[in-house]
**Student:** 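I'd like to ask you about the structure that follows.
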2 protein chains.
Amino acid sequence: MSIVSQVTDSTRVGKRERLAGAAVRVLHEQGVEKTTLADIARAADVPVGNVYYYFKTKDQLIEAAIDAHGRQLESMIEAMERLGTPQERLKALLQGWIGQRDLTAKYGCPTGTLASELDKRDDGLDRAVAKVMGELLDWVERQFQAMGRADARELAVALIAAYQGISLLTNTFRDPELMATEGRRLGRWIDSLA
Amino acid sequence: MSIVSQVTDSTRVGKRERLAGAAVRVLHEQGVEKTTLADIARAADVPVGNVYYYFKTKDQLIEAAIDAHGRQLESMIEAMERLGTPQERLKALLQGWIGQRDLTAKYGCPTGTLASELDKRDDGLDRAVAKVMGELLDWVERQFQAMGRADARELAVALIAAYQGISLLTNTFRDPELMATEGRRLGRWIDSLA
DNA sequence: GTCTATATTGGGATAGAC
DNA sequence: GTCTATCCCAATATAGAC
């Protein structure tokens, strides 16, 4: 492969990723159905019609955004892996959620709102979000297993559900403090399971 | 008012309510953005163009659907009021949720999916859903108060959040058993608070 | 009051110039 | 590889016949 084609390739990858990254943000803020390709193109500083050079359809761009969001989540999980105990790791997760409470009050949980909205569509994009959600769920389950809990799966489902639910209420009532209060309650709950 | 105008009035009310009722169902199944006036008109067996005789805009029809859904919830709450103890009433609520698990796996919680979707819109419809959600929350809070809990509000938020979250997961993974398992766990939790 | 035909708009997608 | 102009369709909303 020549140097020239490498440069053009890296240019293409650059714009592709800029579009996918912008899509993650805009889809979270506006939702899938309200977001036009023009909105994403503008946020990524790419001309509208040009989007189709990188993605054949809007669905493909959304799928790229879901993948990008999944990778963000993965790197967040990797950062928490470095902590010493499973309790510390789970509580770091809680702190992350609480730290995002203002954004959540405005737009809800990025993964949850995406899952809820994509479920209503015929295309298979809802499976892609389910995969992202499933990976977080599996990680939480492993933390409860490391705490010696035989009911690790049920507890993991309960914790993620608590987060998804309080995200929805925080968003519905536009009150970040709901997240903070529930986060503290969940912290005490995790302590009580040890 | 003459008999004739009474008849025509009742006819109008009939179609209006048929449209609002059909909208509740279709909006739950398809979501707000994916649902066209034609979809609702078909479900209500009313010609498309005729919808505008009863509702000036799509938003007004959605608002009527939210109100109708709120009244359904109210009558459900009234039915539970007849039970003897607050614990029994809360567990009846849980049983209702578990009984709806197949529908929830397909389409999510009607109130929650509506709240999540309407939040992304500029119109004020999200406030109408927040009101419905708030009424359920207040009722649950009163049950915890009747159980003598000083932290009744926090517990009510936690219970409704748990339901909203498990509804989202049940829907995302299309697994009704998630709702059943979490419902049993919440039942044990309520018992432990008495 | 009821319904049909149609105007209007907006957004996804394509053709093709450069 | 980049961008503009435009096609096309779907859905809200309206005009007006009956």
Side-chain angles (χ1 to χ4, degrees), chain A residues 1-20 22-23 26-27 29-66 117-118 120-125, chain B residues 1-20 22-23 26-27 29-66 117-118 120-125:
Chain A
M1 187 184 281
S2 74
I3 287 179
V4 171
S5 66
Q6 276 177 30
V7 168
T8 51
D9 275 6
S10 78
T11 302
R12 188 167 68 204
V13 171
K15 280 208 181 176
R16 250 192 87 93
E17 295 194 336
R18 243 163 64 210
L19 281 166
V26 178
L27 290 177
E29 292 174 4
Q30 307 191 343
V32 177
E33 300 287 347
K34 289 281 292 179
T35 296
T36 68
L37 290 175
D39 291 335
I40 298 173
R42 197 181 320 117
D45 200 37
V46 167
V48 203
N50 199 359
V51 171
Y52 286 93
Y53 178 74
Y54 299 98
F55 301 95
K56 270 193 265 295
T57 65
K58 186 184 180 182
D59 275 17
Q60 281 191 14
L61 175 49
I62 294 172
E63 188 164 18
I66 296 168
E117 212 178 343
L118 290 179
K120 305 295 188 191
R121 299 170 57 120
D122 318 357
D123 49 50
L125 289 176
Chain B
M1 188 183 282
S2 75
I3 287 180
V4 169
S5 66
Q6 276 179 29
V7 168
T8 52
D9 275 5
S10 77
T11 303
R12 187 167 70 202
V13 170
K15 279 208 182 176
R16 249 192 88 93
E17 296 194 335
R18 243 163 63 210
L19 280 166
V26 177
L27 290 176
E29 292 174 3
Q30 307 190 343
V32 176
E33 300 288 348
K34 289 280 292 179
T35 296
T36 68
L37 290 175
D39 291 335
I40 298 172
R42 197 181 320 117
D45 200 37
V46 167
V48 202
N50 199 359
V51 171
Y52 285 91
Y53 178 73
Y54 299 99
F55 301 95
K56 269 193 263 298
T57 65
K58 186 184 179 182
D59 275 18
Q60 280 192 13
L61 175 49
I62 294 173
E63 189 164 17
I66 296 169
E117 213 178 343
L118 289 179
K120 304 297 187 190
R121 300 171 56 122
D122 320 356
D123 49 48
L125 290 175

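Protein chains get the first letters and strands the later ones, always in sequence-line order, with residue 1 at the start of each.
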**Student:** How about A:Val51 and A:Ile40: do any of their side-chain heavy atoms sit closer than 4.5 Å?
**Tutor:**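 Not in contact.
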**Student:** Less than 4.5 Å apart, any side-chain heavy atom of B:Glu117 and any of B:Leu27?
**Tutor:**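 Of all side-chain heavy-atom pairs linking B:Leu27 with B:Glu117, none is under 4.5 Å.
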**Student:** Could you state the CD1-P distance from B:Ile40 to D:dA10, rounded to the nearest angstrom?
**Tutor:**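 Computing the B:Ile40:CD1 to D:dA10:P distance gives 19 Å.
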**Student:** Strictly under 3.5 Å: I want the nitrogen or oxygen pairs between protein and nucleotides 12-16 of chain D, one per line.
**Tutor:**
unit_1 : atom_1 : unit_2  : atom_2 : d
D:dT12 : OP1    : B:Leu37 : N      : 3.4
D:dT12 : OP1    : B:Lys58 : NZ     : 3.4
D:dT12 : OP2    : B:Leu37 : N      : 3.3
D:dA13 : OP2    : B:Tyr52 : OH     : 3.1
D:dA13 : OP2    : B:Lys58 : N      : 2.9

**Student:** Decide yes or no for B:Leu118 and B:Ile66: does some side-chain heavy atom of the first lie under 4.5 Å from some side-chain heavy atom of the second?
**Tutor:**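 Yes - at least one pair of side-chain heavy atoms lies under 4.5 Å apart.
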**Student:** Just to confirm, is there a sub-4.0 Å distance from OP1 or OP2 of D:dC3 to any side-chain nitrogen or oxygen of A:Lys15?
**Tutor:**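 So the side chain of A:Lys15 is within the cut-off, an N or O lying under 4.0 Å from OP1 or OP2 of D:dC3.
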**Student:** Can you see if the side chain of A:Tyr53 gets near the phosphate of D:dG1 - specifically, an N or O under 4.0 Å from OP1 or OP2?
**Tutor:**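 Answer is yes, contact under 4.0 Å.
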**Student:** Before accepting this row, confirm whether a basic side-chain N of the pair A:Lys120/B:Glu33 lies closer than 4.0 Å to the acidic partner's carboxylate O.
**Tutor:**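 Here A:Lys120 does not pair with B:Glu33 in a salt bridge, since their nearest N and O are not under 4.0 Å apart.
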**Student:** Indicate yes or no: at least one non-hydrogen side-chain atom of B:Tyr54 is less than 4.5 angstrom from one of B:Asn50.
**Tutor:**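 Yes, their side chains come closer than 4.5 Å.
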**Student:** Whole angstroms only, please: what is the CD-C1' distance between A:Gln60 and C:dG12?
**Tutor:**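 Taking CD of A:Gln60 and C1' of C:dG12, I get 14 Å after rounding.
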**Student:** Return the value, rounded to whole Å, for the distance between atom CG of A:Leu61 and atom P of C:dG11.
**Tutor:**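 Rounded to the whole Å, the gap is 16 Å.
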**Student:** Between B:Ile62 and B:Asp123, is there a side-chain heavy-atom distance shorter than 4.5 Å?
**Tutor:**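 No, side chains not in contact.
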**Student:** Send over the distance from B:Arg42 CZ to D:dA10 P, rounded to a whole Å.
**Tutor:**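 Between P of D:dA10 and CZ of B:Arg42: 13 Å.
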